[in-house]
Amino acid sequence: MSHIPPGSSGLSPLVRETPAERADRNLIELLQELRVVQTGVQIVFAFLLGVAFTSQFPRLDTFERTTYVVTLLLTVVASAVLATPVALHRGLFHRGAKVRIVALSARLAEIGLIFLALALNGAVLLLMDVVLGRTAAFTVTTATLVMFTGLWFVLPRALRRPAR
């Protein structure tokens, strides 16, 4: 049994927050999440930039070069989409649009994660193709794609549903 201090309603401070306070909190949490994800995007992008300057790059076949280019572009798109909430916040700061910023930014974060998952799987496909061969590359990439889909998209949606 929990103890509720005298004079306290026992409600969490979050329950009593105003819509403006909730928007502030949600925006702060979202921007913090995006900082973490953006670091991952930058690491993948740096890796991909370096690949083009290795001695092995000229030996890549057409499939591998195409995978490289598509993966690099997916990383650029992920970076742009995941950074857009920061630009929205800067552009609409103090204009009474925080609730709209949070709603749109949350959607952009989901879209950015899709592009990031595709980019990471593209990097896996490229590396596994070079290291293990095409068949193994498709097998491993299918497994990582299923993993990302489950962890980043299916699990959060499943947890949103009310418990029975």
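These values consider heavy atoms only, across backbone and side chains, with no hydrogens, waters or symmetry-generated copies. The shown structure was predicted, so the numbers you read here are calculated from the model rather than taken from an experiment.
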When rounded to the nearest 0.5 angstrom, what distance separates [atom1] in [X] from [atom2] in [Y]?
X    : Y    : atom1 : atom2 : result
L145 : T141 : CG    : OG1   : 8.5 Å
M147 : L120 : CE    : CG    : 8.5 Å
F47  : T75  : CZ    : OG1   : 10.0 Å
L82  : Q42  : CG    : CD    : 10.5 Å
L34  : L113 : CG    : CG    : 8.0 Å
L132 : L127 : CG    : CG    : 9.5 Å

Heavy-atom side-chain proximity of [X] to [Y] below 4.5 angstrom:
X    : Y    : result
L126 : T71  : no
L60  : T67  : no
L49  : F45  : yes
V41  : F115 : no
L30  : N26  : no
R134 : E64  : yes

Indicate, with yes or no, if [Y] and [X] share a hydrophobic cluster defined by side-chain heavy-atom contacts under 4.5 Å among Ile, Leu, Val, Met, Phe, Trp and Tyr.
X    : Y    : result
V154 : I114 : no
L104 : I28  : no
L73  : V70  : yes
V69  : V76  : yes
F53  : V44  : no

Can you check whether R35's main-chain N or O pairs, donor with acceptor, with T39's side chain at less than 3.5 Å?
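Between the backbone of R35 and the side chain of T39 there is a qualifying donor-acceptor contact (under 3.5 Å).
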Set out, in order, the CA-CA distance, both residues' side-chain angles and the distance that settles side chain to side chain contact (heavy atoms under 4.5 Å, CB included) for N121 and L125, then state yes or no.
CA-CA 6 Å; N121 280 282; L125 179 61; over 6 Å; no
What is the ring orientation for F63 with F138, classed by angle as parallel under 30°, tilted 30 to 60°, or perpendicular over 60°?
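F63 and F138: tilted rings.
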Using every non-hydrogen atom in the two residues, find where P58 and S55 come nearest and quote the distance to one decimal.
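Looks like CD-O, 3.3 Å.
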So which heavy atom on A78 is nearest to which on G112, and how close?
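It is CB-O, 4.0 Å.
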Electrostatic pair E21-R25, nearest N-O below 4.0 angstrom:
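No.
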Tell me if the centroids of the rings in F148 and F153 come within less than 6.0 Å of each other.
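Not under 6.0 Å, so no.
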For a side chain to side chain contact (heavy atoms under 4.5 Å, CB included) check, start with the C-alpha distance between W152 and E110, then their side-chain angles and the critical distance, and finish with the verdict.
CA-CA 9 Å; W152 285 9; E110 290 177 356; over 6 Å; no
Assess the side chains of Q56 and R59: does a donor N or O sit below 3.5 Å from an acceptor N or O?
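Their side chains do contain a donor-acceptor pair, which is all the 3.5 Å distance test asks for.
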